Structure formats: C-alpha cells, structure tokens
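Here is the structure we will look at.
What you are looking at is a predicted structure, and each value in this text was computed from that prediction instead of being measured.
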Amino acid sequence: WTQSAGTFNHDSGTVYMDGGIVQQITAQGNFYNLVLDGIGFGVYTYDLVAQGSLSSIGGSFTLYSVNLWVQGDFFVNGPSMNMGGVTIDIDGSFTFNGGTFYCPTGSNTLNIGQDLIVNNPTSFYSNNGTIDFKGTATGRQITTADVAFNHIIFSGSGEWGLTDTLVADSLHVGAGQ
C-alpha cells in the first residue's frame with residue numbers, strides 16, 4: 001500500500017491486507033478499520049492511524065520508527081507483532097488473543113484508553129517499556145493472565161478493575177483509581 005499524493009477517503013470502511021510476500025504500508029492518510037493478514041508487513045514512512053479498529057490475524061507486523069494510533073480497539077490474533085521502537089496510542093481496548101506481541105521498549109509507551117485483556121500469556125512480551133492507562137471512563141477491566149510488566153502508569157482519571165494478578169517492576173497511580 002503506497003500513497004504518495006492525493007487523498008485517501010476511507011469512507012468508514014475496512015481495508016483488508018493479505019498476501020504471500022513482505023509488504024509495506026507507506027500511507028499518508030488514515031484508515032478506518034484495518035485488518036492485516038499476510039506473510040509480513042512493515043510500516044516505514046508515516047505514522048499509522050486507524051480511526052476505527054486494527055486487527056492482526058496473520059503474518060508478522062513490525063513498525064519501523066513511526067507511531068501507531070488506533071482510535072478504536074486493537075486486536076492481536078495473529079503470529080507476530082513487534083512494536084519495540086514506537087509509541088502506540090489506543091483510545092479503545094487492547095485485546096491479545098494469540099500470536100506473539102512485543103510491547104514498546106525504552107522510552108516508548110503503550111497508551112491504553114479502555115481495557116487491557118491478555119488471553120495468551122505465553123507469547124506476550126512486555127519488554128522494558130511502559131504501559132499507561134489514560135482513559136477517563138469507569139468500569140474498565142485489566143486481565144493480565146499473570147504477565148509481568150515493567151512500568152505501569154495510571155495517568156487517566158478513569159477506574160480500572162483487576163480480574164487477576166497485576167505484577168509490575170514499578171507502579172505509578174496518578175489521577176486514575
């Protein structure tokens with residue numbers, strides 16, 4: 001997917017990318033719903049924005065030196081997603097059902113506005129990055145499947161309930177509850 005000029009109008013639709021070779025996304029515009037299902041995907045040039053949801057159901061996906069903003073929910077159901085060197089902003093919920101997921105590392109952050117649900121702990125790697133719960137709504141849920149995290153921050157004014165054990169090297173509770 002390459003967009004070098006003009007305007008892409010997502011019209012609130014779904015872009016479904018599948019294929020048998022390594023692919024790259026270099027779009028300047030925003031997607032609405034984006035589904036990734038293929039051998040390999042990489043984003044190289046521009047920040048990736050999904051105004052609806054983002055789903056990974058197959059193949060591997062790596063972001064290179066750009067940021068990811070999902071204005072809806074983010075679902076990982078596929079083989080591999082490496083987010084090591086980027087910041088991820090998710091306005092909705094983040095659900096990890098399978099495959100392998102590598103959280104941002106170092107000064108990069110996984111920002112979550114609503115729920116965090118980890119259903120497959122054996123291949124969810126928190127790395128040494130930070131997860132920041134930024135939401136403002138009450139009644140949110142955190143399910144970790146006992147994954148150990150590095151840094152957890154609650155900077156939003158929302159309220160989150162734990163459905164299992166939360167293990168973190170450091171925990172900062174600011175405005176959140």
Side-chain angles (χ1 to χ4, degrees), residues 25 30-31 33-36 41-44 46-57 59-137 140-177:
I25 303 168
N30 299 339
F31 295 97
N33 294 320
L34 178 60
V35 178
L36 304 174
F41 289 93
V43 176
Y44 297 91
Y46 303 99
D47 289 349
L48 179 60
V49 178
Q51 291 180 304
S53 66
L54 174 62
S55 299
S56 171
I57 59 174
S60 63
F61 181 73
T62 302
L63 288 179
Y64 299 99
S65 302
V66 298
N67 296 311
L68 172 63
W69 181 19
V70 181
Q71 295 175 351
D73 296 326
F74 185 11
F75 303 94
V76 176
N77 301 311
S80 177
M81 294 198 83
N82 187 349
M83 304 294 160
V86 301
T87 293
I88 303 172
D89 290 303
I90 305 168
D91 293 348
S93 295
F94 176 62
T95 303
F96 177 73
N97 291 317
T100 303
F101 185 81
Y102 297 92
C103 286
T105 60
S107 63
N108 298 297
T109 305
L110 172 59
N111 301 306
I112 300 174
Q114 295 182 14
D115 303 324
L116 169 63
I117 302 168
V118 177
N119 290 320
N120 184 353
T122 60
S123 54
F124 184 93
Y125 300 99
S126 63
N127 289 328
N128 65 347
T130 300
I131 297 178
D132 188 354
F133 293 92
K134 295 182 162 247
T136 58
R140 305 303 350 154
Q141 169 184 325
I142 298 174
T143 302
T144 66
D146 299 327
V147 168
F149 296 96
N150 190 37
H151 302 291
I152 300 284
I153 298 172
F154 291 90
S155 66
S157 61
E159 179 182 292
W160 288 266
L162 297 173
T163 61
D164 54 12
T165 306
L166 178 62
V167 176
D169 291 338
S170 71
L171 177 65
H172 176 78
V173 179
Q177 302 175 14

Closest approach of [X] and [Y], non-hydrogen atoms and distance?
X    : Y    : answer
Q141 : W160 : N-CD1, 4.2 Å
Q114 : D91  : CG-O, 3.7 Å
T143 : T163 : OG1-OG1, 2.6 Å
D132 : S155 : OD1-OG, 2.8 Å

Find the distance between [atom1] ([X]) and [atom2] ([Y]) and round it off to the nearest 0.5 Å.
X    : Y    : atom1 : atom2 : value
L171 : I152 : CG    : CD1   : 7.0 Å
L110 : D89  : CG    : CG    : 9.0 Å
F133 : L116 : CZ    : CG    : 4.5 Å
T130 : F149 : OG1   : CZ    : 12.0 Å

[X] side chain near [Y] side chain, heavy-atom distance below 4.5 Å:
X    : Y    : answer
V167 : T144 : no
T95  : D73  : no
F96  : V147 : no
I88  : P104 : yes

message: Using the rule side-chain contact (heavy atoms from CB on, under 4.5 Å), only one of L166, T165, D164 pairs with L162; which is it?
response: L166
Report yes or no: does [X] contribute a side-chain atom to a donor-acceptor pair with the main-chain N or O of [Y] at less than 3.5 Å?
X    : Y    : value
N127 : C103 : yes
S126 : A148 : yes
S123 : G99  : yes
N150 : N128 : yes

Side-chain H-bond candidate by donor/acceptor type, N119 with N97, under 3.5 Å: yes
- request: For a ring-ring contact (aromatic ring centres under 6.0 Å, His included) with F101, tell me which candidate from F124, Y125, F75 qualifies.
  value: F124
